[in-house]
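Input: a single structure, listed below in structure tokens.
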Amino acid sequence: MLTNKPYQKALKLIPALLVSATFVGCATQPEGSAGADGAAKAASAPAKSQSSVYFDFDRFDVKPEGKGVVSAYADFLKSDTKSKVMIEGNADERGTVEYNLALGQKRAEAVRQELIQRGVTATRVEAISNGEEKPLAKGSNEAAWAKNRRADLLVK
């Protein structure tokens, strides 16, 4: 467990970051909303069901099945030059809070690098970590853990 003072200060900022991450989805217009820009995004953006990249236990390399999701987002971002994407890295409940925050960040950064390699401008891609704080599935079993080891891509 890391105990240096800068790291402890960063940990104190986590609640504020989590609140900020909650509002990321509010920046996009809902489907069917007024405005030509909103209608174009709803029609072109990758489907919400394809908005996560999943990882193996204690790993942060993007698996081949995750590269399709990354490619879809890269294509969308290259065609809609005004949109940006927030990548939220997540971990399952195993491990310390600090370890899971670091792992979530590595997962988000791995997806970010994949997007950049596919031609997306780095300034349009932000990567943050939720650690274990935003699970998709409750439970302490492999099925739940597998759903929580992910990076979510959110268009803004």
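With hydrogens and angles left out, the side-chain atoms of Ser71 and Arg118 include a donor and acceptor closer than 3.5 Å. No donor-acceptor contact under 3.5 angstrom links the side chains of Asn148 and Asn90, judged on distance only. A side-chain N or O of Ser52 and one of Asp152 form a donor-acceptor pair less than 3.5 Å apart. Defined by atom type and a distance below 3.5 Å, a donor-acceptor pair is present between the side-chain atoms of Gln105 and Glu109. Side-chain polar atoms of Glu93 and Ser140 form a donor-acceptor pair below 3.5 angstrom.
Between the side chain of Arg149 and the main chain of Phe55, a donor-acceptor pair closer than 3.5 Å is present. Of the possible polar contacts, one joining the Arg124 side chain to the Ser83 backbone as a donor-acceptor pair under 3.5 Å is found. Side-chain N or O atoms of Asn141 include one that pairs as donor or acceptor with a backbone N or O of Ala144 at under 3.5 Å. A donor-acceptor pair under 3.5 Å links the side-chain atoms of Ser129 to the main chain of Gly131, judged by distance alone. With hydrogens and angles ignored, the 3.5 Å screen pairs a side-chain donor or acceptor of Thr96 with a backbone N or O of Tyr99.
Atoms NZ and CD, on Lys67 and Glu114 in that order, are 4.0 Å from each other to the nearest 0.5 Å. Between the CZ atom in Phe57 and the CD atom in Glu142 there is a gap of 8.5 Å [rounded to 0.5 Å]. In this structure, CD1 in Ile116 is found 11.0 Å from CG in Leu77, a value given to the nearest 0.5 Å. Atom CG of Leu154 is separated from atom NZ of Lys84 by 14.5 Å, given to the nearest 0.5 angstrom.
Put simply, the side chain of Glu132 does not reach to within 4.5 Å of the side chain of Arg94, judged on heavy atoms. In this structure, the side chains of Lys82 and Asp80 come closer than 4.5 Å at one or more pairs of heavy atoms. Contact annotation: the side chain of Ile128 never approaches that of Ile87 to less than 4.5 Å [non-hydrogen atoms, C-beta and beyond].
The number of heavy-atom neighbours closer than 6.0 Å to NZ of Lys78, taken from other residues, nucleotides and ligands shown, is above 12.
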Please test Val125 against Val111 for side-chain contact (heavy atoms from CB on, under 4.5 Å), starting from the C-alpha separation and ending with a verdict. CA-CA 10 Å; Val125 185; Val111 173; over 6 Å; no

Between Asn100 and Asn130, is the side-chain contact (heavy atoms from CB on, under 4.5 Å) condition met? List the steps. CA-CA 8 Å; Asn100 287 337; Asn130 294 326; over 6 Å; no

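No continuous path of hydrophobic side-chain contacts links Tyr54 to Tyr73 [ILVMFWY only; heavy atoms under 4.5 Å].
In this structure, Arg107 does not pair ionically with Glu88, as no charged nitrogen and carboxylate oxygen lie closer than 4.0 Å. A salt bridge does not link Asp61 to Lys63: none of the charged side-chain nitrogens sits closer than 4.0 Å to a carboxylate oxygen.
When all heavy atoms of Ala127 and Ala108 are compared, the closest pair comes out as CB-CB, 3.7 Å.
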